[in-house]
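Okay, so here's the structure we're looking at.
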Amino acid sequence: MEYTEGTKTPPITISIPISIPPHSSSSYPSQSPPNPSLNPPPPPPPVILRPCAACKILRRRCIDKCILAPYFPPTEPLKFTIAHRVFGASNIIRFLQKLPENHRADAITSMVYEAYARIHDPVYGCVGAICQLQEQVNELQAQLAMAQAELVNMQCQHANMAALICMEMSQPQQPIIQEPNCDNLGFFTEEANLGTTNWEPFWTRK
């Protein structure tokens, strides 16, 4: 058998048809387009009207970066009037500058409440309102404790009644024995005494 170097066997190729759907989400999950419903758009920024109530009352120009404009809109001038009367505009601005933006709204609400309470009660201010609310809380707690005690008492009475009823139903019923009447017993004893002593029929006597 001779071997020829120049002859080579050609490779065998087998073609298998494969159908790949275009842009299939199951086979290529990483290439799926993003869903716009999962990422909602950010809320729009609040609309700030110019000039704000603070600058209008102070009679000054309201600049674009006014620190009081987001919290004292021009539709609520009484809000700034009350706070300005007790704390003063400079103290309010200084106080807001020391706070982060996410806490400023709560701080303004607290300052307006304290100023309103101070105007109505110059001696105690908001402390008087807090004391009144605390007294109401104490009274309500006492009423709640009394109601709970009455409820526990009624539950105990109900449990005792249920236990008595169960005991009466579990006991067997005893037969009722009628006692003889004393009057009838006396009549029979008298007849017995008469028969044994002197009573005899008339036809037996001689």
Side-chain angles (χ1 to χ4, degrees), residues 35-49 52-54 67-89 91-189:
N35 191 0
S37 62
L38 298 178
N39 297 324
V47 179
I48 300 175
L49 301 177
C52 64
I67 195 172
L68 300 175
Y71 314 108
F72 298 104
T75 56
E76 299 178 359
L78 184 62
K79 184 177 179 181
F80 179 76
T81 303
I82 294 173
H84 174 59
R85 182 177 175 181
V86 176
F87 296 100
N91 292 328
I92 295 173
I93 294 172
R94 191 181 303 110
F95 187 69
L96 290 177
Q97 289 176 350
K98 295 179 181 179
L99 292 175
E101 293 184 359
N102 56 348
H103 293 163
R104 290 178 180 178
D106 296 335
I108 291 297
T109 303
S110 178
M111 292 174 70
V112 172
Y113 178 79
E114 292 180 6
Y116 183 80
R118 179 64 63 181
I119 291 173
H120 283 268
D121 191 355
V123 178
Y124 296 103
C126 61
V127 178
I130 293 172
C131 292
Q132 291 180 359
L133 294 175
Q134 189 64 38
E135 290 179 358
Q136 293 180 3
V137 169
N138 295 333
E139 291 178 358
L140 293 174
Q141 288 178 351
Q143 294 178 4
L144 179 61
M146 292 176 62
Q148 290 177 351
E150 292 179 358
L151 179 61
V152 171
N153 190 10
M154 293 179 65
Q155 289 177 352
C156 293
Q157 292 179 0
H158 179 72
N160 293 334
M161 291 291 294
L164 290 174
I165 293 172
C166 293
M167 290 177 61
E168 290 180 357
M169 293 178 64
S170 62
Q171 291 179 357
Q173 295 181 357
Q174 297 179 358
I176 300 173
I177 301 174
Q178 294 182 356
E179 296 180 356
N181 194 357
C182 296
D183 297 336
N184 296 332
L185 289 175
F187 176 74
F188 287 117
T189 53

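Here, residue 1 is the first one in the sequence, and each next residue gets the next number.
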Which atom pair, heavy atoms only, marks the closest approach of [X] to [Y]?
{"X": "Y71", "Y": "A105", "answer": "CE2-N, 3.8 Å"}
{"X": "A115", "Y": "F87", "answer": "CB-CE1, 3.9 Å"}
{"X": "A53", "Y": "P77", "answer": "CB-CA, 3.9 Å"}

(message) Taking C166's backbone N and O only, do any of them form a donor-acceptor pair with S170's side chain (distance below 3.5 Å, no angle check)?
(response)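 Present.
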Close side-chain approach of [X] and [Y], heavy atoms under 4.5 Å:
{"X": "V152", "Y": "Q148", "value": "no"}
{"X": "P73", "Y": "E76", "value": "yes"}
{"X": "I119", "Y": "R85", "value": "yes"}
{"X": "D121", "Y": "V127", "value": "no"}

In Å, rounded to the nearest 0.5 Å, how long is the span from [atom1] of [X] to [atom2] of [Y]?
{"X": "M154", "Y": "E150", "atom1": "CE", "atom2": "CD", "answer": "8.5 Å"}
{"X": "C156", "Y": "L151", "atom1": "SG", "atom2": "CG", "answer": "9.5 Å"}
{"X": "I108", "Y": "H103", "atom1": "CD1", "atom2": "NE2", "answer": "14.0 Å"}
{"X": "R118", "Y": "Y113", "atom1": "CZ", "atom2": "OH", "answer": "12.0 Å"}
{"X": "R104", "Y": "L68", "atom1": "CZ", "atom2": "CG", "answer": "10.0 Å"}
{"X": "C52", "Y": "I67", "atom1": "SG", "atom2": "CD1", "answer": "11.0 Å"}

Pairs under 3.5 angstrom only: tabulate donor-acceptor contacts from the side chains of residues 93-102 to other protein residues two or more places apart or in another chain.
| residue | atom | partner | partner atom | Å |
| --- | --- | --- | --- | --- |
| R94 | NH1 | N91 | OD1 | 2.8 |

(request) Can you tell me which residue pairs pass the ring pair (Phe, Tyr, Trp, His ring centres under 6.0 Å) test with a partner in residues 119-161, sequence neighbours excluded? (result) Y116-H120
(message) side-chain contact (heavy atoms from CB on, under 4.5 Å), that's the test. Do M111 and I92 meet it? Break it down for me.
(response) CA-CA 9 Å; M111 292 174 70; I92 295 173; 3.5 Å; yes
